[in-house]
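What follows is a single structure, written as structure tokens, with notes after it.
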Amino acid sequence: MKQFLSAHDVFDIDALVATGLAYKADRFRDKGLGAGRRIGLLFLNPSLRTRLSTQVAAQHLGMEAIVFNVGAEGWALEFADGAVMNGSTVEHVKDAAPILGQYFDILALRTFPSLQDRAADYSERTLNAFVRYSGIPVVSLESATLHPLQSLTDVLTITETFKEQRKPRVVLTWAPHVKPLPQCVANSFAQWMTAWGAADFVVTHPEGYALKEEFITGATLTSSQDEALEGADYVYVKNWSAYEDYGKMPPASGNWMLTLDKLKATNNAGVMHCLPVRRNVELSDEVLDSPHSLVTQQAANRVWAAQAVLSEILKQA
Amino acid sequence: MKQFLSAHDVFDIDALVATGLAYKADRFRDKGLGAGRRIGLLFLNPSLRTRLSTQVAAQHLGMEAIVFNVGAEGWALEFADGAVMNGSTVEHVKDAAPILGQYFDILALRTFPSLQDRAADYSERTLNAFVRYSGIPVVSLESATLHPLQSLTDVLTITETFKEQRKPRVVLTWAPHVKPLPQCVANSFAQWMTAWGAADFVVTHPEGYALKEEFITGATLTSSQDEALEGADYVYVKNWSAYEDYGKMPPASGNWMLTLDKLKATNNAGVMHCLPVRRNVELSDEVLDSPHSLVTQQAANRVWAAQAVLSEILKQA
Amino acid sequence: MKQFLSAHDVFDIDALVATGLAYKADRFRDKGLGAGRRIGLLFLNPSLRTRLSTQVAAQHLGMEAIVFNVGAEGWALEFADGAVMNGSTVEHVKDAAPILGQYFDILALRTFPSLQDRAADYSERTLNAFVRYSGIPVVSLESATLHPLQSLTDVLTITETFKEQRKPRVVLTWAPHVKPLPQCVANSFAQWMTAWGAADFVVTHPEGYALKEEFITGATLTSSQDEALEGADYVYVKNWSAYEDYGKMPPASGNWMLTLDKLKATNNAGVMHCLPVRRNVELSDEVLDSPHSLVTQQAANRVWAAQAVLSEILKQA
């Protein structure tokens, strides 16, 4: 693997999941692989699970990890070609990224969308600029529109828990929230489910919350959450703001918060969420505190997903 | 040791002090003990000495340490059961703590009191929630009401410096400050002195500054600093705000700042303070810059106290 | 080397450069040198390149590095002797620095000038207080008036790229900026060029921007940028605010931004800048994106300069 920005960078998702699960069984099996190699974790936006799990994964491989929180520590980057930099930006990504490429062997980067300018967000300007100018493998720690490490974790968690000889029915359902969130996790999960191809994948959301076409091609779409849940093996719960009326929160009719009562129609489904979760807004206490919940296992699996990705990049480099 | 939240978690204080002093004599004597183990240092409130000394102690034991400053990096936790999280809190401790329990072998945590709500502070809600939900050993890096790593350091420093065949007279004296401070250091020092039992322990403070009953049982109390200092071997200087009129600073009559003149009544006492110290407010320059002062030695000893605690937990895990 | 605060701490600049270049050829040649040793990187002001390159250098030597960002994490130090600390400062450097000296083997420190009070800035009060009170070797990561690690990098970059059997002509030219910057990089570069003695060194700047006398003794001075550039082998571009009318930005007549057209008069000069650079304000895109530019190589060389300095200190300690 030369980079890890989306499902398209992965040749064989099942093989990558198997690598992750092998690390879960024996975390130090490749403990010398990263010796003398260094990963930079650059956070243009804050992170808890992603930062910690990636640092832990790097340690398991014997790599040095250096964290750089730019949100807190301040770094106003310029992205426009030809800009006369007499305003608030202090450094052009053209100048900054190549240096990081000299200091590190792998650059991992988190950045968020503006949720104001859809074209800019979906162009993945920030991520792509670091890919273009750093000259080293880049790993997305969540970008403006995708969250591939989360999605790999999700596929790994489904693979690990599903024991039947058939395709699982996996439902992605929109959930309420108090503020507009990116579409990243939903886009990415849909992209991975489709690329993986080993599940019957259903997406359900209120009117106005359709995801971008390219991510849901091949998925079954329904505006009825009840219909979607029927026979589900996994229910992935996630809020996202509108793609169409970009970044807005059109009113959703009906009650979209998942409850134990709704889960009765499922095949004793496992409930997934990428965390953090707003309890009793996105998901009820009764579901999160029930045996249905996979959220802690899923978050713990972030380490093995990250370790699989880093190891594949190290092996190629 | 399964956790380190107060003196009550320590079976034998003298043995723990001896372990710390053994590390002071040979810091790398257990350098392989923490191999492949990881400690998370979670700062809900900022820290200098505690953070650095604990990181250093972990390194001496060959552990990986990952620091997470939440104050700066933002993480509004919910603690109330059943809360409908449609407000400012973004994650419930029930969901956050178990993940940290998956990423780390030991979780060390700093949190401060509000100084507004005494019952809430003294319930140690934050610390206890992480103990309850993380599922791994928790080490207090100072909590709402106690600071056990500081107190262990203090006992170690007294043990290291007292050379006579009798009990030392140890005085905890209140000192002035410009803003209300927690009672943690004072509560904790009193708790450890009593649990240790190897000193004659005296507490002195102005009216209105009595510590909570449970911490001073067994101590000699006096409102006369002069009387307290008579024959003292150690004088521990510390400001705290009122426990009774909680978090307030009732006016203190008389001059409570320690001076060289006041020290004449002591047995050439060593002067202790946990730092940071407001010079010429809490303690005069003349005392801090005199041979009486143990403050640098005491702060340096933080490393050995932390190393003793981490090693005891590692040996049990 | 006992400390690294300026060119005056270096006995033989060429030997130090050779050490750096040897590390560039084989970064792990001294990978055991720092085993069991620890460097504290204390940032009273923020940093990207300096922080990362020093951390990387420490890792190459097998040292532990602990970063402490004080700007973000808050630490208002008192420097005045005898201060009654009833105001906003919370700790005296007399008390703080000795503790850092106990926790670390080397202390590296970044601090910025106020640009308000010239006498205070040029006294290097902050840096000198840590030198005085920490009791361990101190490395400047840029101080109020100098930036020696940058200058060592600059000499190393010139040494590495100059292939002729004569002295190179090296020009330091002032450049425009949108806000007042410290004189550190310019002062320090001038100091190192003079101490090195292996270049013909020319300084050019608009009226009002003369550097402090002690740094430019031995340099050729001219207010004509055109004259300075004539036959130059290296052009070091840097903005600084006025030393005379301290911290101000007197209007500069003429166009001081370097262009390809201006470079025609040079000996196909390499263009240097310490970064970050304001494109099309300090330096034009056409120069930065041309083969003249050495800025990425120069920034990458920060690692080898830092590694040379740390190794010299470790060998002496």
Side-chain angles (χ1 to χ4, degrees), chain B residues 24 26-28 31 41 43 45-60 62-67 69-74 153 176-179 181 257 273-286 288-289 293 295-304 306, chain C residues 34-44 46 55 58-59 62-109 129-130 132-136:
Chain B
K24 185 165 184 172
D26 178 7
R27 63 185 63 186
F28 292 120
K31 71 178 176 186
L41 305 179
F43 291 94
N45 294 92
S47 160
L48 169 63
R49 266 160 290 268
T50 298
R51 175 195 147 176
L52 295 177
S53 60
T54 310
Q55 263 185 293
V56 167
Q59 288 178 353
H60 289 163
M63 291 192 88
E64 300 280 1
I66 293 182
V67 173
N69 287 312
V70 169
E73 296 165 29
T153 304
H177 204 280
V178 298
K179 60 172 194 175
L181 296 189
M257 186 175 76
H273 189 285
C274 61
L275 302 184
V277 60
R278 297 261 185 163
R279 280 178 172 250
N280 302 312
V281 175
E282 291 177 83
L283 259 171
S284 59
D285 274 343
E286 57 172 19
L288 278 164
D289 298 334
S293 174
V295 301
T296 300
Q297 179 174 347
Q298 190 184 353
N301 281 339
R302 295 290 306 270
V303 171
W304 319 116
Chain C
R37 316 285 272 286
R38 196 163 30 239
I39 184 169
L41 306 178
L42 178 59
F43 291 94
L44 298 167
Q55 263 185 293
Q59 288 179 353
M63 290 191 90
E64 301 279 0
I66 293 182
V67 173
F68 197 76
N69 287 310
V70 168
E73 296 166 32
W75 193 24
L77 286 169
E78 178 64 54
F79 290 90
D81 272 329
V84 176
M85 291 173 60
N86 57 5
S88 60
T89 57
V90 301
E91 181 151 30
H92 202 289
V93 68
K94 271 190 195 180
D95 298 312
I99 313 300
L100 299 179
Q102 299 280 328
Y103 293 165
F104 298 110
D105 300 291
I106 300 176
L107 179 64
L109 179 78
F130 279 93
R132 177 168 175 199
Y133 293 114
S134 70
I136 55 172

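Each chain gets a letter, A, B and so on, in the order its sequence line appears, and its residues count up from 1. Keep in mind the model is a prediction, meaning the values are calculated, not measured.
Atom CD of B/Gln55 is separated from atom OH of C/Tyr103 by 11.5 Å, given to the nearest 0.5 angstrom. For the atom pair C/Gln102 CD and B/Leu52 CG, the distance stands at 13.0 Å (nearest 0.5 Å). Here CD of B/Gln297 is found 10.5 Å from CD1 of C/Ile99. Values are rounded to the nearest 0.5 Å. The CD1 atom of C/Ile66 lies 4.5 Å from the CD atom of B/Gln59; values are rounded to the nearest 0.5 Å. To the nearest 0.5 Å, atom CZ of residue B/Arg279 and atom CD of residue C/Glu78 are 10.0 Å apart. To the nearest 0.5 Å, the span separating CZ on B/Arg49 from CD on C/Glu91 amounts to 4.0 Å.
Using a distance-only test at 3.5 Å, with no hydrogens or angles considered, no donor-acceptor pair links the side chain of B/Arg278 to the main chain of C/Val84.
Among the candidates B/Leu288, B/Val178, B/Leu48, B/Val277, the residue making the largest number of heavy-atom pairs closer than 4.5 Å to chain C is B/Leu48. Taking B/Val281, B/Val295, B/Val56 one by one and counting their heavy-atom pairs under 4.5 Å with chain C, the maximum is reached by B/Val56. The most heavy-atom pairs under 4.5 Å with chain C, out of B/Asp285, B/Val303, B/Thr296, come from B/Thr296. Interface remark: of the candidates B/Ser284, B/Pro276, B/Ser293, B/Pro276 forms the most heavy-atom pairs closer than 4.5 Å to chain C.
Residues passing the salt bridge (Lys or Arg N to Asp or Glu O under 4.0 Å) test with C/Asp81 are C/Lys94, sequence neighbours excluded.
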